[in-house]
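In this text, all values refer to a predicted model and were calculated from it rather than measured experimentally. Below, chain A is the first sequence line, B the second, and so on; all start at residue 1.
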Amino acid sequence: MIDPQLLRNDTELVAQRLRTKRHEFDVERFQALESQRKQLQVESEDLQAKRNAKSKEIGKIKAQGGDVDAIKSEVAAFADRLKAAQGELAQVQESLLAITDVMPNMPHESVPQGNSEDDNIEVLRWGTPGQFDFPVKDHVDLGQDANAMDFETATKIAGPRFVVMRGELVRMHRALIQYMLNTHVEEHGYEEVYAPYLVNQASLIGTGQFSKFADHDLFATQSEDGYYLIPTAEVPVTNIVRDSLLSEQELPKKWVAHTPCFRREAGSYGRDTRGMIRQHQFEKVELVQIVHPSESYDRLEELTLNAEAILQGLELPYRKVVLCGGDLGFSAAKTYDLEVWLPGQDAYREISSCSNFEAFQARRMKARFRSNSKKTELVHTLNGSGLAVGRTLLAIMENFQQADGSITIPEVLRGYMGGRSQIFETK
RNA sequence: GGAGAGGUGGCAGAGCGGCUGAAUGCACCGGUCUUGAAAACCGGCAAGGGUUAAUAGCCCUUCGUGGGUUCAAAUCCCACCCUCUCCGCCA
(Lines give C-alpha, C1' and ligand atoms only; values in the text may rest on other atoms or scores of the structure.)
Protein backbone atom coordinates (compact mmCIF):
# COMPACT_ATOMS: atom_id res chain seq x y z
CA MET A 1 0.00 0.00 0.00
CA ILE A 2 1.37 3.33 -1.06
CA ASP A 3 1.33 6.19 1.43
CA PRO A 4 -2.16 7.66 0.98
CA GLN A 5 -0.91 11.16 1.74
CA LEU A 6 1.69 10.97 -0.98
CA LEU A 7 -0.81 9.51 -3.40
CA ARG A 8 -3.24 12.35 -2.78
CA ASN A 9 -0.81 15.21 -2.70
CA ASP A 10 1.41 14.04 -5.53
CA THR A 11 -0.77 11.85 -7.68
CA GLU A 12 1.13 12.65 -10.89
CA LEU A 13 4.47 11.77 -9.33
CA VAL A 14 3.16 8.43 -8.10
CA ALA A 15 1.60 7.69 -11.49
CA GLN A 16 4.89 8.50 -13.18
CA ARG A 17 6.93 6.29 -10.91
CA LEU A 18 4.47 3.44 -11.26
CA ARG A 19 4.79 3.70 -15.02
CA THR A 20 8.36 2.44 -14.64
CA LYS A 21 6.71 -0.62 -13.12
CA ARG A 22 4.34 -0.78 -16.08
CA HIS A 23 1.34 -0.01 -13.92
CA GLU A 24 -1.18 2.51 -15.21
CA PHE A 25 -4.07 4.01 -13.35
CA ASP A 26 -6.58 6.69 -14.25
CA VAL A 27 -5.24 9.80 -12.55
CA GLU A 28 -8.22 11.97 -13.39
CA ARG A 29 -10.70 9.46 -12.14
CA PHE A 30 -8.67 8.99 -8.99
CA GLN A 31 -8.58 12.71 -8.34
CA ALA A 32 -12.30 13.05 -9.00
CA LEU A 33 -13.08 10.25 -6.55
CA GLU A 34 -10.64 11.69 -4.09
CA SER A 35 -12.30 15.09 -4.05
CA GLN A 36 -15.68 13.40 -3.61
CA ARG A 37 -14.23 11.43 -0.73
CA LYS A 38 -12.94 14.56 0.89
CA GLN A 39 -16.23 16.40 0.58
CA LEU A 40 -18.31 13.46 1.81
CA GLN A 41 -16.01 12.67 4.66
CA VAL A 42 -15.94 16.22 5.91
CA GLU A 43 -19.71 16.39 5.61
CA SER A 44 -20.43 13.17 7.45
CA GLU A 45 -17.90 13.83 10.19
CA ASP A 46 -19.41 17.25 10.63
CA LEU A 47 -22.87 15.76 11.03
CA GLN A 48 -21.55 13.23 13.50
CA ALA A 49 -20.00 16.02 15.52
CA LYS A 50 -23.36 17.79 15.61
CA ARG A 51 -25.17 14.64 16.65
CA ASN A 52 -22.66 14.00 19.41
CA ALA A 53 -23.05 17.53 20.70
CA LYS A 54 -26.85 17.34 20.70
CA SER A 55 -26.80 13.98 22.42
CA LYS A 56 -24.73 15.43 25.21
CA GLU A 57 -27.22 18.26 25.55
CA ILE A 58 -30.04 15.77 25.87
CA GLY A 59 -28.19 14.06 28.64
CA LYS A 60 -27.78 17.31 30.54
CA ILE A 61 -31.39 18.42 30.04
CA LYS A 62 -32.64 15.05 31.19
CA ALA A 63 -30.43 15.18 34.25
CA GLN A 64 -32.11 18.46 35.16
CA GLY A 65 -35.51 16.95 34.50
CA GLY A 66 -36.25 19.07 31.41
CA ASP A 67 -38.22 18.18 28.32
CA VAL A 68 -36.18 16.69 25.47
CA ASP A 69 -38.78 16.05 22.74
CA ALA A 70 -37.95 19.21 20.78
CA ILE A 71 -34.23 18.57 20.64
CA LYS A 72 -34.79 14.93 19.80
CA SER A 73 -36.69 15.80 16.66
CA GLU A 74 -33.90 18.22 15.81
CA VAL A 75 -31.44 15.35 15.83
CA ALA A 76 -33.80 13.18 13.83
CA ALA A 77 -33.87 15.89 11.19
CA PHE A 78 -30.28 15.42 10.18
CA ALA A 79 -30.03 11.71 10.93
CA ASP A 80 -31.17 10.94 7.40
CA ARG A 81 -28.63 13.29 5.90
CA LEU A 82 -25.94 11.61 7.91
CA LYS A 83 -26.96 8.17 6.80
CA ALA A 84 -27.00 9.24 3.15
CA ALA A 85 -23.58 10.88 3.38
CA GLN A 86 -22.11 7.82 5.06
CA GLY A 87 -23.57 5.54 2.42
CA GLU A 88 -22.15 7.61 -0.40
CA LEU A 89 -18.81 7.85 1.35
CA ALA A 90 -18.61 4.08 1.68
CA GLN A 91 -19.25 3.71 -2.04
CA VAL A 92 -16.60 6.24 -3.00
CA GLN A 93 -14.12 4.60 -0.70
CA GLU A 94 -14.83 1.22 -2.24
CA SER A 95 -14.14 2.69 -5.68
CA LEU A 96 -10.91 4.21 -4.43
CA LEU A 97 -9.89 0.91 -2.90
CA ALA A 98 -10.40 -0.82 -6.23
CA ILE A 99 -7.73 1.51 -7.60
CA THR A 100 -5.30 1.58 -4.71
CA ASP A 101 -5.57 -2.07 -3.75
CA VAL A 102 -4.02 -3.25 -7.01
CA MET A 103 -1.45 -0.46 -6.99
CA PRO A 104 2.06 -1.91 -6.67
CA ASN A 105 4.84 -0.41 -4.63
CA MET A 106 6.91 2.35 -6.18
CA PRO A 107 10.39 1.37 -7.33
CA HIS A 108 13.34 2.89 -5.50
CA GLU A 109 15.13 5.59 -7.46
CA SER A 110 18.14 3.32 -7.98
CA VAL A 111 16.01 0.79 -9.87
CA PRO A 112 16.87 0.72 -13.59
CA GLN A 113 14.26 1.40 -16.25
CA GLY A 114 13.11 -1.54 -18.30
CA ASN A 115 10.22 -3.74 -19.28
CA SER A 116 11.31 -7.32 -18.78
CA GLU A 117 14.01 -9.51 -17.34
CA ASP A 118 16.11 -8.72 -20.41
CA ASP A 119 16.57 -5.23 -19.00
CA ASN A 120 17.85 -6.36 -15.61
CA ILE A 121 21.36 -5.21 -14.86
CA GLU A 122 24.10 -7.58 -13.83
CA VAL A 123 26.09 -6.24 -10.90
CA LEU A 124 28.28 -9.22 -10.09
CA ARG A 125 29.46 -12.52 -11.46
CA TRP A 126 31.02 -14.99 -9.03
CA GLY A 127 32.86 -18.19 -9.90
CA THR A 128 33.53 -19.65 -13.31
CA PRO A 129 31.25 -22.15 -14.96
CA GLY A 130 33.08 -25.47 -15.05
CA GLN A 131 34.48 -26.95 -18.23
CA PHE A 132 33.39 -30.50 -18.97
CA ASP A 133 35.27 -32.91 -21.22
CA PHE A 134 32.17 -35.03 -21.62
CA PRO A 135 28.63 -34.23 -22.72
CA VAL A 136 26.82 -32.64 -19.77
CA LYS A 137 23.48 -33.91 -18.64
CA ASP A 138 20.78 -31.91 -16.99
CA HIS A 139 19.45 -32.78 -13.54
CA VAL A 140 16.56 -34.74 -14.99
CA ASP A 141 18.79 -37.21 -16.83
CA LEU A 142 21.22 -37.38 -13.95
CA GLY A 143 18.46 -37.99 -11.44
CA GLN A 144 16.56 -40.51 -13.52
CA ASP A 145 19.69 -42.43 -14.54
CA ALA A 146 20.53 -42.86 -10.87
CA ASN A 147 16.94 -43.87 -10.15
CA ALA A 148 16.69 -41.02 -7.66
CA MET A 149 14.21 -38.73 -9.35
CA ASP A 150 10.82 -39.91 -10.56
CA PHE A 151 8.39 -37.55 -12.23
CA GLU A 152 5.99 -40.16 -13.60
CA THR A 153 5.21 -41.56 -10.18
CA ALA A 154 4.73 -38.07 -8.79
CA THR A 155 2.27 -37.35 -11.58
CA LYS A 156 0.35 -40.49 -10.66
CA ILE A 157 0.26 -39.57 -6.99
CA ALA A 158 -0.57 -35.91 -7.44
CA GLY A 159 -0.19 -34.45 -10.92
CA PRO A 160 2.31 -32.61 -13.09
CA ARG A 161 4.95 -30.35 -11.50
CA PHE A 162 5.66 -32.67 -8.61
CA VAL A 163 8.53 -35.02 -7.99
CA VAL A 164 9.34 -38.13 -6.03
CA MET A 165 12.96 -38.37 -4.96
CA ARG A 166 14.67 -41.32 -3.38
CA GLY A 167 17.76 -42.31 -1.46
CA GLU A 168 20.94 -40.32 -1.16
CA LEU A 169 19.62 -37.47 -3.27
CA VAL A 170 16.95 -36.86 -0.64
CA ARG A 171 19.63 -36.89 2.00
CA MET A 172 21.56 -34.24 0.12
CA HIS A 173 18.36 -32.22 -0.13
CA ARG A 174 18.03 -32.46 3.65
CA ALA A 175 21.72 -31.68 4.13
CA LEU A 176 21.26 -28.48 2.15
CA ILE A 177 18.48 -27.34 4.45
CA GLN A 178 20.65 -27.99 7.50
CA TYR A 179 23.63 -26.24 6.00
CA MET A 180 21.62 -23.16 5.06
CA LEU A 181 19.84 -22.87 8.40
CA ASN A 182 22.99 -23.40 10.43
CA THR A 183 24.94 -20.87 8.42
CA HIS A 184 22.31 -18.16 8.76
CA VAL A 185 21.84 -18.80 12.46
CA GLU A 186 25.48 -19.25 13.46
CA GLU A 187 27.23 -16.88 11.08
CA HIS A 188 24.66 -14.30 10.03
CA GLY A 189 22.80 -13.73 13.29
CA TYR A 190 19.30 -14.89 12.33
CA GLU A 191 16.85 -16.48 14.73
CA GLU A 192 15.29 -19.67 13.45
CA VAL A 193 11.51 -19.65 13.25
CA TYR A 194 8.92 -22.38 12.79
CA ALA A 195 5.57 -21.04 11.59
CA PRO A 196 2.30 -22.27 10.04
CA TYR A 197 2.22 -23.57 6.47
CA LEU A 198 -1.46 -22.67 6.26
CA VAL A 199 -2.38 -19.03 6.68
CA ASN A 200 -5.46 -16.86 6.68
CA GLN A 201 -6.40 -14.23 4.16
CA ALA A 202 -5.36 -11.34 6.39
CA SER A 203 -1.77 -12.56 6.37
CA LEU A 204 -1.71 -12.85 2.59
CA ILE A 205 -3.14 -9.35 2.27
CA GLY A 206 -0.49 -8.12 4.68
CA THR A 207 2.44 -9.22 2.59
CA GLY A 208 0.72 -8.43 -0.71
CA GLN A 209 0.01 -11.87 -2.16
CA PHE A 210 -3.72 -11.41 -1.99
CA SER A 211 -6.13 -8.72 -3.01
CA LYS A 212 -9.86 -8.63 -3.22
CA PHE A 213 -9.51 -7.08 -6.66
CA ALA A 214 -6.72 -9.17 -8.19
CA ASP A 215 -5.91 -12.74 -9.15
CA HIS A 216 -3.54 -14.74 -7.07
CA ASP A 217 -1.37 -17.81 -7.47
CA LEU A 218 -2.30 -19.72 -4.34
CA PHE A 219 -3.68 -23.07 -3.33
CA ALA A 220 -6.76 -22.57 -1.18
CA THR A 221 -8.16 -25.20 1.13
CA GLN A 222 -11.81 -26.14 0.84
CA SER A 223 -12.28 -26.06 4.59
CA GLU A 224 -14.48 -23.47 6.20
CA ASP A 225 -11.45 -21.99 7.91
CA GLY A 226 -10.50 -20.44 4.59
CA TYR A 227 -6.85 -21.36 4.89
CA TYR A 228 -4.34 -21.02 2.08
CA LEU A 229 -1.12 -22.95 1.61
CA ILE A 230 1.83 -20.61 1.90
CA PRO A 231 3.58 -19.68 -1.36
CA THR A 232 6.65 -18.70 0.67
CA ALA A 233 7.69 -18.45 4.31
CA GLU A 234 7.70 -14.70 3.81
CA VAL A 235 3.97 -14.77 4.54
CA PRO A 236 3.84 -16.43 7.97
CA VAL A 237 7.16 -15.02 9.15
CA THR A 238 6.65 -11.39 8.14
CA ASN A 239 3.14 -11.47 9.56
CA ILE A 240 4.56 -12.16 13.00
CA VAL A 241 4.72 -8.38 13.34
CA ARG A 242 1.31 -7.66 11.84
CA ASP A 243 -0.87 -5.45 14.06
CA SER A 244 1.92 -4.77 16.46
CA LEU A 245 3.74 -1.86 17.94
CA LEU A 246 7.40 -2.65 18.58
CA SER A 247 9.89 -0.62 20.48
CA GLU A 248 12.81 0.82 18.57
CA GLN A 249 15.29 -1.28 20.56
CA GLU A 250 13.71 -4.47 19.24
CA LEU A 251 14.81 -3.66 15.72
CA PRO A 252 16.15 -5.19 13.62
CA LYS A 253 14.41 -8.55 13.75
CA LYS A 254 16.26 -11.15 11.71
CA TRP A 255 14.45 -14.42 11.13
CA VAL A 256 15.21 -17.50 9.09
CA ALA A 257 12.72 -20.26 8.40
CA HIS A 258 12.67 -23.45 6.39
CA THR A 259 9.28 -24.28 4.93
CA PRO A 260 7.71 -25.98 2.00
CA CYS A 261 6.18 -23.56 -0.50
CA PHE A 262 3.13 -24.17 -2.63
CA ARG A 263 2.34 -22.36 -5.86
CA ARG A 264 -0.23 -22.94 -8.54
CA GLU A 265 2.00 -21.54 -11.28
CA ALA A 266 -1.20 -20.78 -13.11
CA GLY A 267 0.41 -18.09 -15.23
CA SER A 268 3.29 -20.21 -16.44
CA TYR A 269 1.78 -22.98 -18.54
CA GLY A 270 4.44 -24.52 -20.70
CA ARG A 271 7.32 -22.82 -18.92
CA ASP A 272 9.99 -24.97 -17.30
CA THR A 273 7.85 -28.06 -17.61
CA ARG A 274 10.93 -30.30 -17.61
CA GLY A 275 12.41 -31.23 -14.29
CA MET A 276 12.45 -29.61 -10.91
CA ILE A 277 12.86 -25.95 -11.85
CA ARG A 278 9.23 -25.01 -11.37
CA GLN A 279 7.17 -27.19 -9.03
CA HIS A 280 3.91 -26.84 -7.19
CA GLN A 281 5.71 -27.85 -4.01
CA PHE A 282 9.27 -27.00 -3.08
CA GLU A 283 11.40 -26.32 -0.04
CA LYS A 284 12.90 -22.96 0.69
CA VAL A 285 15.00 -21.40 3.42
CA GLU A 286 13.80 -17.85 3.75
CA LEU A 287 15.41 -14.80 5.34
CA VAL A 288 13.17 -12.08 6.74
CA GLN A 289 14.19 -8.80 8.31
CA ILE A 290 12.07 -6.19 10.09
CA VAL A 291 14.11 -3.01 10.28
CA HIS A 292 14.27 0.68 11.01
CA PRO A 293 13.36 2.66 7.86
CA SER A 294 16.65 4.54 7.87
CA GLU A 295 18.70 1.40 7.33
CA SER A 296 16.57 -0.76 5.07
CA TYR A 297 18.79 -0.35 2.02
CA ASP A 298 21.92 -1.28 3.98
CA ARG A 299 20.01 -4.29 5.23
CA LEU A 300 19.06 -5.27 1.71
CA GLU A 301 22.75 -5.40 0.80
CA GLU A 302 23.47 -7.45 3.91
CA LEU A 303 20.61 -9.87 3.37
CA THR A 304 21.63 -10.43 -0.24
CA LEU A 305 25.21 -11.12 0.84
CA ASN A 306 23.86 -13.62 3.38
CA ALA A 307 22.16 -15.50 0.54
CA GLU A 308 25.27 -15.22 -1.64
CA ALA A 309 27.34 -16.73 1.14
CA ILE A 310 25.44 -19.99 0.67
CA LEU A 311 26.18 -20.13 -3.05
CA GLN A 312 29.82 -19.31 -2.37
CA GLY A 313 30.04 -21.94 0.36
CA LEU A 314 28.69 -24.49 -2.08
CA GLU A 315 31.05 -23.21 -4.78
CA LEU A 316 28.24 -22.65 -7.22
CA PRO A 317 28.91 -20.04 -9.91
CA TYR A 318 26.26 -17.33 -9.94
CA ARG A 319 25.50 -13.83 -10.95
CA LYS A 320 23.66 -11.05 -9.19
CA VAL A 321 21.25 -8.79 -11.05
CA VAL A 322 19.20 -5.76 -10.09
CA LEU A 323 15.68 -6.12 -11.34
CA CYS A 324 14.46 -3.37 -13.63
CA GLY A 325 11.15 -1.64 -12.92
CA GLY A 326 9.12 -3.84 -15.23
CA ASP A 327 10.38 -7.05 -13.66
CA LEU A 328 9.84 -5.99 -10.03
CA GLY A 329 7.26 -7.81 -7.97
CA PHE A 330 4.08 -6.18 -6.71
CA SER A 331 5.26 -5.24 -3.23
CA ALA A 332 8.97 -4.69 -3.83
CA ALA A 333 10.75 -1.35 -4.07
CA LYS A 334 14.04 -2.96 -5.06
CA THR A 335 15.07 -6.53 -5.73
CA TYR A 336 18.32 -8.37 -6.33
CA ASP A 337 18.01 -11.74 -8.00
CA LEU A 338 20.73 -14.31 -7.59
CA GLU A 339 21.02 -16.60 -10.60
CA VAL A 340 22.93 -19.83 -10.40
CA TRP A 341 24.76 -21.33 -13.35
CA LEU A 342 23.07 -24.44 -14.72
CA PRO A 343 25.31 -26.34 -17.17
CA GLY A 344 22.36 -28.48 -18.25
CA GLN A 345 20.53 -25.38 -19.45
CA ASP A 346 23.67 -23.47 -20.37
CA ALA A 347 22.15 -20.51 -18.55
CA TYR A 348 21.93 -18.64 -15.28
CA ARG A 349 18.62 -19.30 -13.50
CA GLU A 350 17.03 -17.58 -10.52
CA ILE A 351 17.75 -19.24 -7.19
CA SER A 352 17.11 -16.35 -4.83
CA SER A 353 15.22 -13.10 -4.85
CA CYS A 354 16.06 -10.51 -2.20
CA SER A 355 13.81 -7.50 -1.79
CA ASN A 356 13.23 -4.39 0.20
CA PHE A 357 9.53 -3.62 0.53
CA GLU A 358 10.10 -0.40 2.43
CA ALA A 359 6.83 0.42 4.26
CA PHE A 360 4.55 -1.15 1.63
CA GLN A 361 3.90 -4.37 3.54
CA ALA A 362 4.17 -2.65 6.91
CA ARG A 363 1.37 -0.25 6.01
CA ARG A 364 -0.88 -3.13 4.98
CA MET A 365 0.06 -5.07 8.11
CA LYS A 366 0.01 -2.14 10.53
CA ALA A 367 3.48 -3.11 11.65
CA ARG A 368 4.87 -0.14 13.52
CA PHE A 369 7.45 0.77 16.08
CA ARG A 370 7.59 3.52 18.64
CA SER A 371 10.63 5.57 17.86
CA ASN A 372 12.78 6.96 20.63
CA SER A 373 11.14 10.30 19.98
CA LYS A 374 7.78 8.73 20.97
CA LYS A 375 6.26 8.79 17.50
CA THR A 376 4.88 5.68 15.87
CA GLU A 377 6.40 4.86 12.52
CA LEU A 378 5.99 2.03 10.05
CA VAL A 379 8.81 -0.49 9.96
CA HIS A 380 10.49 -1.56 6.74
CA THR A 381 10.35 -5.21 5.76
CA LEU A 382 12.75 -7.28 3.66
CA ASN A 383 13.09 -10.86 2.64
CA GLY A 384 15.05 -13.13 0.40
CA SER A 385 15.55 -16.78 -0.35
CA GLY A 386 18.58 -18.17 1.28
CA LEU A 387 18.12 -20.30 -0.85
CA ALA A 388 15.50 -22.19 -2.82
CA VAL A 389 16.47 -25.72 -1.81
CA GLY A 390 15.20 -27.68 -4.84
CA ARG A 391 16.94 -25.41 -7.27
CA THR A 392 20.12 -25.56 -5.21
CA LEU A 393 19.97 -29.33 -5.29
CA LEU A 394 19.71 -29.48 -9.05
CA ALA A 395 22.41 -26.83 -9.42
CA ILE A 396 24.76 -29.04 -7.44
CA MET A 397 23.82 -32.05 -9.56
CA GLU A 398 24.51 -30.24 -12.78
CA ASN A 399 27.65 -28.36 -11.70
CA PHE A 400 29.32 -31.24 -9.86
CA GLN A 401 28.46 -34.06 -12.25
CA GLN A 402 31.15 -36.50 -13.33
CA ALA A 403 31.52 -38.41 -16.58
CA ASP A 404 30.16 -41.61 -14.99
CA GLY A 405 26.99 -39.87 -13.81
CA SER A 406 28.10 -39.57 -10.19
CA ILE A 407 28.02 -36.26 -8.37
CA THR A 408 30.69 -34.81 -6.13
CA ILE A 409 29.34 -33.55 -2.83
CA PRO A 410 30.42 -29.97 -2.04
CA GLU A 411 32.86 -29.90 0.90
CA VAL A 412 30.54 -28.03 3.23
CA LEU A 413 27.81 -30.66 2.92
CA ARG A 414 29.96 -33.70 3.60
CA GLY A 415 29.57 -33.47 7.35
CA TYR A 416 25.82 -33.78 6.85
CA MET A 417 26.30 -36.72 4.47
CA GLY A 418 28.15 -39.12 6.69
CA GLY A 419 31.50 -37.83 5.49
CA ARG A 420 30.97 -39.12 1.96
CA SER A 421 32.28 -37.24 -1.04
CA GLN A 422 30.06 -38.55 -3.82
CA ILE A 423 26.55 -39.68 -4.57
CA PHE A 424 25.33 -41.84 -7.44
CA GLU A 425 28.57 -43.83 -7.43
CA THR A 426 28.43 -46.79 -9.82
CA LYS A 427 29.05 -49.96 -7.90
C1' G B 1 -16.58 -32.96 20.55
C1' G B 2 -18.98 -31.71 25.90
C1' A B 3 -19.13 -28.07 30.28
C1' G B 4 -17.65 -23.40 32.23
C1' A B 5 -14.94 -18.50 32.33
C1' G B 6 -13.21 -14.49 29.63
C1' G B 7 -11.65 -10.94 25.47
C1' U B 8 -10.70 -3.06 27.55
C1' G B 9 -4.57 1.40 26.10
C1' G B 10 2.84 -1.15 25.31
C1' C B 11 1.57 -4.73 29.55
C1' A B 12 -1.65 -5.81 33.88
C1' G B 13 -6.43 -4.49 35.35
C1' A B 14 -11.31 -1.32 36.92
C1' G B 15 -15.54 0.26 34.46
C1' C B 16 -24.48 2.19 37.37
C1' G B 17 -26.66 3.48 28.84
C1' G B 18 -25.09 10.10 29.13
C1' C B 19 -20.33 13.57 33.85
C1' U B 20 -15.66 7.39 30.56
C1' G B 21 -11.24 7.88 25.44
C1' A B 22 -11.74 5.19 29.53
C1' A B 23 -9.91 4.63 37.17
C1' U B 24 -5.49 2.33 39.12
C1' G B 25 -0.69 -0.13 38.79
C1' C B 26 3.66 -1.28 35.79
C1' A B 27 6.54 0.32 31.73
C1' C B 28 8.02 4.76 29.18
C1' C B 29 9.29 10.31 28.78
C1' G B 30 10.38 15.14 31.36
C1' G B 31 11.50 17.48 36.08
C1' U B 32 12.88 18.01 41.57
C1' C B 33 16.42 15.73 44.78
C1' U B 34 21.63 13.37 44.24
C1' U B 35 28.80 13.89 42.96
C1' G B 36 26.26 10.01 39.73
C1' A B 37 22.54 6.27 40.01
C1' A B 38 18.53 4.12 42.73
C1' A B 39 14.48 5.39 45.86
C1' A B 40 10.94 9.18 46.81
C1' C B 41 8.09 13.17 44.97
C1' C B 42 5.86 16.36 40.79
C1' G B 43 4.17 16.36 35.75
C1' G B 44 3.27 13.97 31.03
C1' C B 45 1.99 9.63 28.17
C1' A B 46 -3.51 5.22 23.48
C1' A B 47 -3.94 4.30 18.34
C1' G B 48 -5.91 5.23 13.51
C1' G B 49 -8.20 8.80 10.30
C1' G B 50 -9.90 13.77 8.43
C1' U B 51 -8.78 18.98 7.95
C1' U B 52 -4.16 21.87 7.75
C1' A B 53 1.98 24.51 5.76
C1' A B 54 1.95 22.11 10.63
C1' U B 55 4.91 16.60 14.17
C1' A B 56 -0.31 23.43 16.34
C1' G B 57 -5.42 23.46 16.99
C1' C B 58 -10.25 21.41 15.84
C1' C B 59 -13.17 17.19 14.41
C1' C B 60 -14.28 11.83 13.51
C1' U B 61 -13.49 6.63 14.65
C1' U B 62 -11.82 2.71 17.83
C1' C B 63 -12.88 -1.12 24.41
C1' G B 64 -12.25 -9.23 19.92
C1' U B 65 -15.18 -8.93 14.77
C1' G B 66 -19.77 -7.90 12.24
C1' G B 67 -24.77 -6.42 12.72
C1' G B 68 -28.91 -4.36 15.82
C1' U B 69 -31.65 -1.27 19.77
C1' U B 70 -31.20 4.15 21.33
C1' C B 71 -31.13 11.13 20.66
C1' A B 72 -26.72 8.61 23.05
C1' A B 73 -23.37 1.91 23.63
C1' A B 74 -17.05 -0.43 26.46
C1' U B 75 -21.82 -0.83 29.07
C1' C B 76 -28.26 -3.67 26.29
C1' C B 77 -29.62 -7.56 22.14
C1' C B 78 -28.06 -11.12 18.04
C1' A B 79 -24.35 -13.77 15.25
C1' C B 80 -19.42 -15.03 14.63
C1' C B 81 -14.09 -15.34 15.99
C1' C B 82 -10.39 -16.08 19.57
C1' U B 83 -8.21 -17.27 24.49
C1' C B 84 -8.22 -19.91 29.16
C1' U B 85 -9.88 -24.08 32.64
C1' C B 86 -11.97 -29.06 33.18
C1' C B 87 -13.58 -33.67 30.59
C1' G B 88 -13.07 -36.60 26.04
C1' C B 89 -9.87 -37.76 21.80
C1' C B 90 -5.04 -37.67 19.83
C1' A B 91 0.96 -37.19 16.95
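- Base pairing annotation: B/A91 forms no Watson-Crick or G-U wobble pair, as no partner gives both donor-acceptor distances under 3.5 Å.
- Salt-bridge check for A/E308 with A/K320: passed, with a basic side-chain N closer than 4.0 Å to an acidic carboxylate O.
- Shown here, B/A23 forms no base pair; nothing in the strands shown gives a Watson-Crick or G-U wobble contact with both key distances under 3.5 Å.
- The separation of B/U20 from B/G13, taken at their P atoms, amounts to 24 Å, rounded to a whole angstrom.
- Counting all heavy atoms, side chain and backbone alike, A/I310 lies closest to A/G386 at CG1-O, 4.0 Å.
- When the C1' atom is compared between B/C19 and B/U52, the two are found 32 Å apart, to the nearest whole Å.
- With ring centers used as reference points, A/Y197 lies 6.0 Å or more from A/F262.
- Base pairing annotation: B/U51 forms a Watson-Crick or G-U wobble pair with B/G57, both donor-acceptor distances under 3.5 Å.
- Using the Watson-Crick or G-U wobble rule with both distances under 3.5 Å, B/A40 pairs with B/U32.
- Base-pair partner of B/A5: B/U83 (Watson-Crick or G-U wobble, both distances under 3.5 Å).
- Here B/U75 sits opposite no nucleotide as a Watson-Crick or G-U wobble pair (both hydrogen-bonding atom distances under 3.5 Å).
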In B/S/- notation, 5' to 3', how is nucleotides 46-72 of chain B contacted by protein heavy atoms closer than 4.0 Å?
-SSBSSS------BSS---------BS

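- Rounded to the nearest Å, the gap between the P atom of B/U8 and that of B/A74 is 15 Å.
- The nearest pair of heavy atoms linking A/Y336 to A/E301 is OH-OE2, 2.5 Å.
- B/G50 and B/A54 have their P atoms separated by 12 Å, given to the nearest Å.
- Of the nucleotides present, none pairs with B/C63 by Watson-Crick or G-U wobble criteria with both distances under 3.5 Å.
- Between the CD atom of A/E248 and the C1' atom of B/G10 there is a distance of 15 Å, rounded to whole Å.
- Residues A/E286 and A/K284 are paired through a salt bridge, judged by an N-O separation under 4.0 Å between the basic side chain and the carboxylate.
- Under the rule for a side-chain hydrogen bond (donor to acceptor under 3.5 Å, both in side chains), A/H173 has no partner lying at least two apart in sequence or in another chain.
- The base-pairing partner of B/U70, taking Watson-Crick or G-U wobble contacts with both distances under 3.5 Å, does not exist among the strands shown.
- One finds no salt bridge joining A/K254 and A/E191 here, because no Lys/Arg side-chain nitrogen approaches an Asp/Glu carboxylate oxygen to under 4.0 Å.
- Going from the P atom of B/A73 to that of B/G30 covers 40 Å, rounded to whole Å.
- Taking the P atoms as reference points, B/C58 lies 16 Å from B/G21, given to the whole Å.
- The residues A/E411 and A/R414 are annotated as salt-bridged, a charged nitrogen and a carboxylate oxygen being separated by less than 4.0 angstrom.
- When the P atom is compared between B/G36 and B/C26, the two are found 25 Å apart, to the nearest whole Å.
- Comparing B/C45 with B/C11, their C1' atoms are spaced 14 Å from each other, to the whole Å.
- Across the protein-nucleic acid pair, A/D243 atom CG and B/C11 atom P stand 12 Å apart, rounded to whole Å.
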